[in-house]
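Below: the structure, in structure tokens.
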Amino acid sequence: MTNVATLHGGELVDAPPLIPPGKYQATYQHHETALFSKSPRVYVHFRIVTGEHEGARLYRAYRVERLNGRARKNGTFKVRHTSELFRQFVRVTGGSERPDRIALSRLRSCALLVSVRTVKTDYRQRPLPEALRYSVVDEMLSVEAGTP
């Protein structure tokens with residue numbers, strides 16, 4: 001992941017964006033497959049396309065059943081029918097894909113309505129200081145423009 005904040009001369013460099021929670025219009029940029037603590041994940045990257053925060057790049061991490069091949073940008077994976085990624089994808093696209101054939105690239109031609117939240121705790125549920133908080137996509141809600 002490239003959104004790692006580093007401290008350089010007292011300034012926070014390459015910090016993830018922090019925008020107010022709410023609903024925003026965004027476009028799908030790409031996805032990455034990865035292993036996080038030996039658990040397969042898909043990181044779906046979005047870019048806000050309207051309003052004051054236009055251009056902000058946010059992501060959403062989803063757990064998946066397994067990765068097909070090695071972890072990489074636009075890698076392939078398998079999800080379960082009950083997975084959050086599969087449910088949101090089918091809800092947004094209205095599709096009837098099989099869980100092993102989900103094609104996130106279908107979202108490229110769409111403007112999506114997404115909800116954004118602020119991450120306020122770390123992985124151990126300890127509060128994050130204000131300077132370390134960041135925004136992530138909470139959910140893909142609907143297609144606003146285009147056809148998936």
Distance check, rounded to the nearest 0.5 Å: Lys73 atom NZ versus Thr33 atom OG1? 12.0 Å

As an exercise, state the distance from CD of Glu144 to OH of Tyr24, rounded to the nearest 0.5 Å.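 One gets 14.5 Å once the value is rounded to the nearest 0.5 Å.
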
Could you go step by step and tell me if Leu112 and Leu107 meet the side-chain contact (heavy atoms from CB on, under 4.5 Å) rule? CA-CA 8 Å; Leu112 302 166; Leu107 300 174; 4.3 Å; yes

Minimum heavy-atom separation for [X] to [Y], with atom names?
X: Pro99; Y: Ile102; result: O-CG2, 3.9 Å
X: Ala71; Y: Ala34; result: CB-CA, 3.7 Å
X: Val119; Y: Leu128; result: O-CD1, 3.8 Å
X: His53; Y: Pro20; result: NE2-CD, 3.3 Å
X: His30; Y: Asn74; result: CB-OD1, 3.6 Å
X: Ser135; Y: Thr118; result: OG-OG1, 4.2 Å

Just to verify, what does [X] make a side chain to side chain donor-acceptor pair (under 3.5 Å) with, not counting sequence neighbours?
X: Arg124; value: none
X: Glu139; value: Arg91
X: Arg133; value: Glu130
X: Thr76; value: none

Are [Y] and [X] connected into the same hydrophobic cluster when the rule is that any two of I, L, V, M, F, W, Y join if their side-chain heavy atoms are below 4.5 Å apart?
X: Ile48; Y: Leu113; result: no
X: Val137; Y: Leu104; result: yes
X: Val44; Y: Ile19; result: yes
X: Val90; Y: Val79; result: yes
X: Val116; Y: Leu18; result: no

Which pairs would a plain distance check flag for residues 35-42, meaning a side-chain donor or acceptor within less than 3.5 Å of a matching protein atom at least two apart in sequence or in another chain?
from, atom 1, to, atom 2, distance (Å)
Ser39, OG, Arg41, NE, 3.4

With [X] via side chain to side chain contact (heavy atoms under 4.5 Å, CB included) - residues at least two apart:
X: Ala103; answer: Ser105, Arg106
X: Val49; answer: Gln25, Thr27, Arg47
X: Pro129; answer: Leu132

Steps toward side-chain contact (heavy atoms from CB on, under 4.5 Å) verdict (Tyr28, Met140): CA-CA 10 Å; Tyr28 164 86; Met140 293 183 280; over 6 Å; no

With heavy-atom distances below 4.5 Å as the criterion, would you say the side chains of Leu58 and Pro17 are in contact? yes

Would you say Arg117 and Val136 make side-chain contact, with heavy atoms under 4.5 Å?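 A side-chain contact exists here, since the closest heavy-atom pair is under 4.5 Å.
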
Residues in salt bridge (charged side-chain N to carboxylate O under 4.0 Å, His left out) with Arg98, at least two apart?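 Salt bridge (charged side-chain N to carboxylate O under 4.0 Å, His left out) check on Arg98 returns Asp100.
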
Sequence-distant partners of Arg70, salt bridge (charged side-chain N to carboxylate O under 4.0 Å, His left out), two or more places apart: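 Partners of Arg70 by the salt bridge (charged side-chain N to carboxylate O under 4.0 Å, His left out) criterion come out as none, since no residue qualifies.
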
So which pairs with a foot in residues 58-69 pass salt bridge (charged side-chain N to carboxylate O under 4.0 Å, His left out), sequence neighbours left out? Glu65-Arg80

Within the side chain of Gln29, is there an N or O that forms a donor-acceptor pair under 3.5 Å with the backbone of His45?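 Side chain of Gln29 to backbone of His45: no pair is present.
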
Using distance alone, with no hydrogens and no angle criterion, decide if Tyr59 and Glu32 have a side-chain donor and acceptor under 3.5 Å apart.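 The criterion, which ignores hydrogens and geometry beyond distance, is not satisfied for Glu32 and Tyr59.
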
Begin with the C-alpha distance, continue with both residues' side-chain angles, and end with the deciding distance and a verdict on side-chain contact (heavy atoms from CB on, under 4.5 Å) for Val143 and Val92. CA-CA 6 Å; Val143 172; Val92 166; 3.3 Å; yes

Only pairs at least two apart or in different chains count here, so list each ring pair (Phe, Tyr, Trp, His ring centres under 6.0 Å) that has a residue in residues 76-95. His31-Phe77, His81-Phe86

